K.L.:
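Handing you this structure, nothing more for now.
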There are 2 protein chains.
Amino acid sequence: MSDFSSPVTGGRKKRGEGHTRREEILQAAKELFLEQGYDSTTIRRIADRVGVSAPALYLYFQDKEQMMLALCDQTFGHLLESISEIEKSVSDPRERIRQFGEAYLRFGLKHPDEYRLIFLGSNIPESMRKVGHRMPTDDPTRPGVGGSLVFQRLIAVLVEAEAAGLKLNYPADTCAELCWMGMHGLASALILKPEFPWSNRDLLINGMLDMVLKGIIRDT
Amino acid sequence: MSDFSSPVTGGRKKRGEGHTRREEILQAAKELFLEQGYDSTTIRRIADRVGVSAPALYLYFQDKEQMMLALCDQTFGHLLESISEIEKSVSDPRERIRQFGEAYLRFGLKHPDEYRLIFLGSNIPESMRKVGHRMPTDDPTRPGVGGSLVFQRLIAVLVEAEAAGLKLNYPADTCAELCWMGMHGLASALILKPEFPWSNRDLLINGMLDMVLKGIIRDT
DNA sequence: GCCGTTAACTTAACATTGATAAGTTATCTG
DNA sequence: CAGATAACTTATCAATGTTAAGTTAACGGC
């Protein structure tokens with residue numbers, strides 16, 4: 001119950017420094033979302049932690065949802081970086097797909113809270129449930145499209161793999177969806193139910209990767 | 001916006017007839033939850049549809065969550081029935097697994113709110129978030145355990161399949177987990193992102209079922 | 001130096017939410 | 001018919017997201 005979460009900020013911002021306040025708000029919001037979930041985190045508590053009044057948040061964000069969206073894009077950025085790395089360093093198509101999936105998984109397991117926040121819609125209201133994936137034609141600067149960028153990379157990898165001679169069992173987009181669903185199923189299970197007595201974590205990870213590759217790539 | 005949803009009920013209930021009012025409330029709550037989702041459905045709107053005052057609902061349910069839980073158990077009862085049906089009518093192990101998965105999937109897609117509640121812990125307080133899977137020793141009459149019963153049936157089906165001579169790629173419990181993760185990944189994706197332009201729903205369902213079976217059952 | 005513009009805030013308030021307290025009405029029992 | 005009580009209502013609560021309207025203080029131009 002103790003809510004003495006220090007207002008760390010100095011007082012009023014100088015004239016051009018509004019954006020630093022914006023980042024303070026994002027930081028506080030992220031902490032609270034992760035600690036207590038979206039619903040339980042109130043505008044007032046975020047404001048308290050930052051050290052400003054509640055309506056002040058509306059100077060920087062249209063509403064509560066926009067704070068969440070901004071955080072989502074921020075986190076997706078990190079994932080995007082690590083998969084770009086793979087696309088550069090790994091050339092074999094099959095291995096690329098596998099490492100792609102592995103990177104996605106590693107990301108989820110290394111940042112379980114962010115993953116929950118972004119992919120699992122945990123405690124996220126109706127209007128937000130569409131955040132993860134949007135149409136390719138959507139404005140890429142619009143908040144909340146980070147997820148679709150990751151997904152588009154996956155499709156691209158599969159299309160390239162096909163062009164490189166790999167035979168797929170379904171159209172590339174369907175394969176991408178199946179791949180993502182398998183990875184997501186594993187990640188969300190391990191993250192959402194850490195207390196469940198999973199038989200063997202590494203076996204599950206390798207098993208899922210094999211399963212996805214077998215399901216997607218035609219038997220030679 | 002038009003909310004003229006007829007108060008169908010006659011007036012005050014007679015002395016022993018409280019339980020019928022309880023069922024009217026459940027029915028109204030179910031309709032509204034399915035129409036508008038859990039969050040958007042307010043106690044007052046449920047009460048309006050039934051034709052009573054809002055506090056009257058608290059005569060029959062401890063709180064809003066209990067209404068949803070009652071509906072969940074009710075709905076999961078139907079899933080349990082349909083998988084029992086399969087266990088009785090389908091003897092081939094491989095086909096059993098497949099139909100089991102398909103039933104699970106179609107159930108999830110038909111009851112997205114219940115699915116989200118039980119398996120994704122979305123929109124519900126912390127106390128509920130681990131409901132989906134509990135230890136076998138949990139009280140089976142407690143509200144909200146329907147999900148774990150389903151999972152236990154899946155394990156049983158796989159163990160029986162193995163006993164019937166089917167060769168699995170991993171231990172039965174690992175296979176059960178992989179199977180569930182694949183199904184869950186697909187279900188949660190379709191449910192959480194309904195507006196995403198999924199390539200082809202039926203293709204995805206069949207693809208995932210094939211993928212899971214290929215991943216779990218050893219190549220002949 | 002001071003003055004006006006305006007960025008960066010605050011206080012007060014609103015409607016809506018889930019939920020409770022306390023009182024009222026109607027039905028059954030003896 | 002009288003008292004108990006199931007079945008309900010009205011009034012109210014505190015908390016929520018959000019807005020309106022006013023206040024303070026930093027900077028540029030004169």
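So that the names make sense, note that chain A is the first sequence line, chain B the second, and so on, each numbered from 1. Because the structure is predicted, anything quoted here is derived from the model rather than measured.
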K.L.:
Is the shortest side-chain N to carboxylate O distance from B:K13 to B:E24 below 4.0 Å?
P.N.:
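Yes.
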
K.L.:
Could you give the NZ-to-P distance, from B:K14 to C:dT29, as a whole number of Å?
P.N.:
12 Å

K.L.:
Distance check needed: D:dA25 C1' versus A:E17 CD, whole Å only.
P.N.:
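Value for this atom pair: 15 Å.
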
K.L.:
One pair to check against side chain to side chain donor-acceptor pair (under 3.5 Å): B:Q27 and B:E23. What are the steps and the verdict?
P.N.:
CA-CA 6 Å; B:Q27 178 60 31; B:E23 270 155 41; over 6 Å; no

K.L.:
Within this structure, what is the CZ-to-C1' distance between A:R15 and D:dC27, rounded to whole angstrom?
P.N.:
5 Å

K.L.:
Can you check the B:R21 CZ to C:dA26 P distance for me, whole Å?
P.N.:
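Spelled out: CZ on B:R21 to P on C:dA26 is 14 Å.
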
K.L.:
More than 12 foreign heavy atoms under 6.0 Å from CD of A:E85: is that the case here?
P.N.:
no

K.L.:
If I take atom CD in residue A:E24 and atom C1' in nucleotide C:dC9, what distance separates them, rounded to the nearest angstrom?
P.N.:
13 Å

K.L.:
Return a single string for nucleotides 14-25 of chain C, one symbol per nucleotide in 5' to 3' order, where B is base contact, S is sugar-phosphate-only contact and - is none, cutoff 4.0 angstrom on heavy atoms.
P.N.:
---BBBB----B

K.L.:
CD1 of B:I25 versus C1' of D:dA7: gap in Å, rounded?
P.N.:
11 Å

K.L.:
So B:Y60, base contact, sugar-phosphate only, or nothing? Heavy-atom distance under 4.0 Å.
P.N.:
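Sugar-phosphate contact only.
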
K.L.:
Nearest 0.5 Å, please: how far is CD1 in B:I43 from CG in B:D48?
P.N.:
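Reported to 0.5 Å precision, the distance equals 11.5 Å.
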
K.L.:
Start with the C-alpha gap between A:R45 and A:E35, add the side-chain angles, then the distance that decides, and say whether salt bridge (charged side-chain N to carboxylate O under 4.0 Å, His left out) holds.
P.N.:
CA-CA 12 Å; A:R45 264 200 282 271; A:E35 282 169 24; over 6 Å; no

K.L.:
Side chain of B:K13, heavy atoms from C-beta onward: which of C:dC9, D:dT10, D:dA7 has the nearest atom to it?
P.N.:
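Of C:dC9, D:dT10, D:dA7, D:dA7 is nearest to the side chain of B:K13.
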
K.L.:
May I ask you to decide if the ring planes of B:H184 and B:Y115 are parallel, tilted or perpendicular, using 30° and 60° as cut-offs?
P.N.:
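Parallel, since the angle between the ring planes stays under 30°.
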
